[in-house]
Trainee: 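I am attaching a structure below and will ask some questions about it afterwards.
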Amino acid sequence: ALVQDLRHGTRLSITYRSSGQSEARERTVDPHGVFSRGGRWYLIAEADGAPRIFSLARLQAWTMLPERRGLRAEMPLGVLAERLVARLERRRDIEVTAMLDAQTEDMARRILGSRLLAVEPADDTDRVQIIVGYDRLDAVRQLMQFSDHIEITGPPEARRLIAALAGEIASRHAT
């Protein structure tokens with residue numbers, strides 16, 4: 001239904017919950033189109049005059065508006081989408097340092113992709129030191145999938161978050 005509405009070439013009013021937020025908010029966007037990446041669908045649209053990427057999984061509702069869309073970015077949808085994805089992946093507001101079991105390095109490279117900024121030998125030959133970049137502290141949750149194969153060493157707020165999350169998980173699973 002969204003694709004059908006996009007063909008009209010009008011602006012949209014969307015109700016969208018941003019990542020990490022509990023409440024959705026309404027905004028007016030000028031849509032370019034939708035694209036799929038990694039099995040997930042996204043709306044590419046301009047909001048407040050700048051191209052943005054919106055996960056369809058968090059798009060709660062939309063309404064077509066009567067005015068024509070006004071696009072500032074004049075480029076093919078695929079090119080625009082890849083630029084937006086690359087920009088998101090390059091955001092590094094927080095760098096997390098961790099010790100990782102060496103036998104897990106290959107898996108970490110696959111899972112973390114471009115977020116993995118460095119892998120260096122550690123004093124202990126069974127481990128490597130990694131540096132992972134994230135756009136926000138909460139994204140450190142991704143490292144929990146390495147469970148007992150990783151130890152976050154810094155920054156302190158990342159270490160505290162992982163400790164709190166591990167405590168919550170342990171509490172839920174206690175008998």
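Because the structure is predicted, anything quoted here is derived from the model rather than measured.
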Trainee: Please check if atom CZ in R83 has more than 12 non-hydrogen atoms from other residues, nucleotides or ligands closer than 6.0 Å.
Mentor: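 No, CZ of R83 has 12 or fewer neighbouring heavy atoms, counting only those of other groups under 6.0 Å.
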Trainee: Tell me whether the count of non-hydrogen atoms from other residues, nucleotides or ligands lying under 6.0 Å of CG in D93 goes above 12.
Mentor: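 Yes, enclosed.
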Trainee: Can you tell me if R17 uses its side chain to pair, donor with acceptor, with the backbone of R58 under 3.5 Å?
Mentor: no
Trainee: Tell me whether R69 contacts the main-chain N or O of P31 through its side chain, where contact means a donor paired with an acceptor under 3.5 Å.
Mentor: yes
Trainee: Between atom CD of E151 and atom CG of L100, what is the distance when rounded to the nearest 0.5 Å?
Mentor: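 CG of L100 is found 11.5 Å from CD of E151.
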Trainee: What's the separation between atom CG in D30 and atom CD1 in I44, rounded to the nearest 0.5 Å?
Mentor: 13.5 Å
Trainee: In Å, rounded to the nearest 0.5 Å, how long is the span from CD1 of I150 to CE of M144?
Mentor: 10.5 Å
Trainee: Supply the atom-to-atom distance L143 CG to I130 CD1, rounded to the nearest 0.5 angstrom.
Mentor: 6.0 Å
Trainee: Checking the side chain of D101 only, and the main-chain atoms of Q103 only, is there a donor and an acceptor separated by less than 3.5 Å?
Mentor: no
Trainee: Do the side chain of E105 and the main chain of V128 share a donor and acceptor less than 3.5 angstrom apart?
Mentor: no
Trainee: Specify the closest pair of heavy atoms between R115 and Q142, including all atoms of both residues, with the distance to one decimal.
Mentor: CD-OE1, 3.7 Å
Trainee: Nearest 0.5 Å please: distance from the CG atom of L12 over to the CZ atom of F54.
Mentor: 10.0 Å
Trainee: What's the separation between atom NE2 in H8 and atom CE in M64, rounded to the nearest 0.5 Å?
Mentor: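 One gets 4.5 Å once the value is rounded to the nearest 0.5 Å.
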Trainee: Check whether any side-chain N or O of T153 sits under 3.5 Å from a backbone N or O of T97 as a donor-acceptor pair, and report yes or no.
Mentor: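 Pair found, side chain donor or acceptor close to backbone of T97.
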Trainee: List the atom of A45, the atom of V29, and the distance in Å for their closest heavy-atom pair.
Mentor: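 So the two residues come closest at CB-CB, 3.7 Å.
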